[in-house]
Amino acid sequence: MTAITGRVRSAAPAIVVGIVLLGAWEGLVRLFGVQEFLLPRPSSIATALGEQWAGSADTLGTVPLREAGLNTGIIAVTGLLLGVALGVVLALVAVRFTRLGEAFTPFAVAVNATPIVALAPIFNAWFGLTSAFSNQAVVLVVVFFPVFINTVRGLTDVHPDQLELMRSYAASETTILRRVRIPNALPFFLTSLRLAAPLSVIAAIVAEYFGGPQSRIGPVITQNASFARYDAAWAAIVVASAIGLGLFILAVAIERFALPHRPTEGE
Amino acid sequence: MESTTDATEPAVAIRGVVKVFGAGTDEALTAIDGIDLTIAPGEFVSLIGPSGCGKSTLLRLIADLLPLTGGEISVFGKSAEAGRVDQDYGMAFQSAGLFDWRTVAANIELPLELMGWSKADRRARSAEMLELVKLPEFGDRYPWQLSGGMQQRVAIARALAFRPRLLLMDEPFGALDEMTREHMQNELLAIVADLDTTVVFVTHSIPEAAFLSDRVVVLSPRPGRIHSIVDVPMQARTAELREHSEFFKTATEIREALRAVEATIPSAGAPEPSPSTGEAAE
Ligand SMILES: Nc1ncnc2c1ncn2[C@@H]1O[C@H](COP(=O)(O)OP(=O)(O)OP(=O)(O)O)[C@@H](O)[C@H]1O
Ligand SMILES: [Mg+2]
């Protein structure tokens, strides 16, 4: 009970700030008579969201937001899962075969610093414009690098005394990996998951901007914008934000659940 | 092959041991240059000497965590490697080195787990060890919930959990305050007397060496050699001993040996141990 009221209480300031910001947005747009195409009011966005969600109102040929959100969500989540899986597996391989890891890790760090989403049109050419995998591949690659880099760090950042202790027990490399390196890497991995989750939605939508089926959030945003239906475009952005936020919250929940016994580092 | 040890066999026999780091390169560094030392079963031997003289290196050589360059080391009549594989020794370092994702009890049970003990046996032993280091209610806590001194006691419980005949300790109390340190020294003595454990103990502290040891081995600066061995008179090692004149006599003897040793450090003459890594130009 107290834990729940405590959580509500700690979330209260954020909720208040959110409501105040939305109110200020609404008020300022009305006060200064800002044109809808520059910045629609939150209330118009909410109305558009309601109309476009199930496609009850005229959507001018764009798919209902519910369907677009579902499709983009599926691409983001599947790409995320593939990228996370590949990142973890290759991190384990890189650590098990030290030479390989030493050659590959600096390369991965360098690539991670580049705008990988720019590959989207290339992947469209490789895997086909209509294939979902073109967009999934962009998500996969974007997610892979932070997961790989963090997991390798966690697997290798072990205190030398702890490694010596394990060797004093005549433990094999496999045992050391299972008993020391993997548990040591868990918090690093979960941090990378928290970074990667919202990144996956960003990557999916940017990839969708470069073409592909129209039934996804990216094209719905561009189409509505080109029809000057900015309230509908913003409604699609709200849906995309909700997916990203949802995945982030899920990642945080997994982190809390998997590491219940760690001292909480202040956020 | 195994149980060939008998009562007269030394716990540790070190003969003509030489350790050169980076042998054959132009950065070759002789850490230890010809050490002979025999340690009897049940004996408590301390290694003391200037920083960088090779105390930790000697301990790691006994533990077979480093390869020898020359000479030989046997542990209970076997090679150091056989001693490691047979888990003849337990080890404790200056940092407790506990795994923070394991509870205190699970930390103590780790070596037992690796040796294939059943869960019930492990539980029973960790409870017993926690009793021994006076932390009986802390089994379910995590290391970060414990003070530094308590963590160090857990590390000692872990090192002793499988009742090794030999305990190797590298400045285990170095990070503790004076009161906790003395308290831990008393506890360590009680525990090793109880289990009849042989101890090789690295320290920087003269009173610590004088209080704990049967013999104190004073090493000379790098390359490490034995400068002298101070025999500590047999005596009940109680808290009162710390105020006893015999204790001060031993401490003085160790201090003088260390002075003599430090006088041989060329020029600079920094007599206080410093955390040098020994990259001195030579
Ligand atoms: N892995 C290593 N590679 C190269 N040189 C090393 C290594 N370990 C130790 N040395 C060198 O060997 C010498 C002895 O080191 P050691 O750690 O045994 O000293 P120590 O007596 O334990 O010192 P301290 O009292 O400061 O702990 C030092 O000069 C050190 O720089
Ligand atoms: Mg040392």
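By convention in this document, chain letters (A, B, ...) are assigned in the order of the sequence lines, proteins followed by strands, and residues within each chain are numbered from 1.
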Subject >> Side chain B:Arg84, main chain A:Arg167, donor-acceptor under 3.5 Å >> reply: yes
Subject >> Engaged part of A:Ser168 at the chain B interface, taking heavy atoms whose separation is under 4.5 Å >> reply: both
**OP:** Find the distance between CZ (B:Phe99) and NE2 (A:His159) and round it off to the nearest 0.5 Å.
**Re:** 11.0 Å
**OP:** Would you give the length of the straight line joining atom CZ of B:Arg102 to atom CZ of A:Arg179, rounded to the nearest 0.5 angstrom?
**Re:** 6.0 Å
Original post:
Is the count of non-hydrogen atoms from other residues, nucleotides or ligands lying under 6.0 Å from B:Arg15 atom CZ greater than 12?
Top reply: yes
**OP:** Starting at CG of B:Leu110, measure out to CE of A:Met166 and round the result to the nearest 0.5 Å.
**Re:** 5.0 Å
**OP:** Quick one: which of B:Gly90, B:Ala63, B:Gly97, B:Pro111 has the most heavy-atom pairs under 4.5 Å with chain A, could you say?
**Re:** B:Pro111
Original post:
So which heavy atom on A:Leu165 is nearest to which on B:Phe93, and how close?
Top reply: CD1-CE1, 4.2 Å
**OP:** Please state whether the side chain, the backbone, both or neither of B:Leu65 comes within less than 4.5 Å of a heavy atom of chain A.
**Re:** both
**OP:** First locate atom OH of A:Tyr169, then atom CD of B:Glu113, and finally report the distance between them rounded to the nearest 0.5 Å.
**Re:** 11.0 Å
Subject >> Contact class of A:Val158 relative to chain B, heavy atoms under 4.5 angstrom >> reply: neither
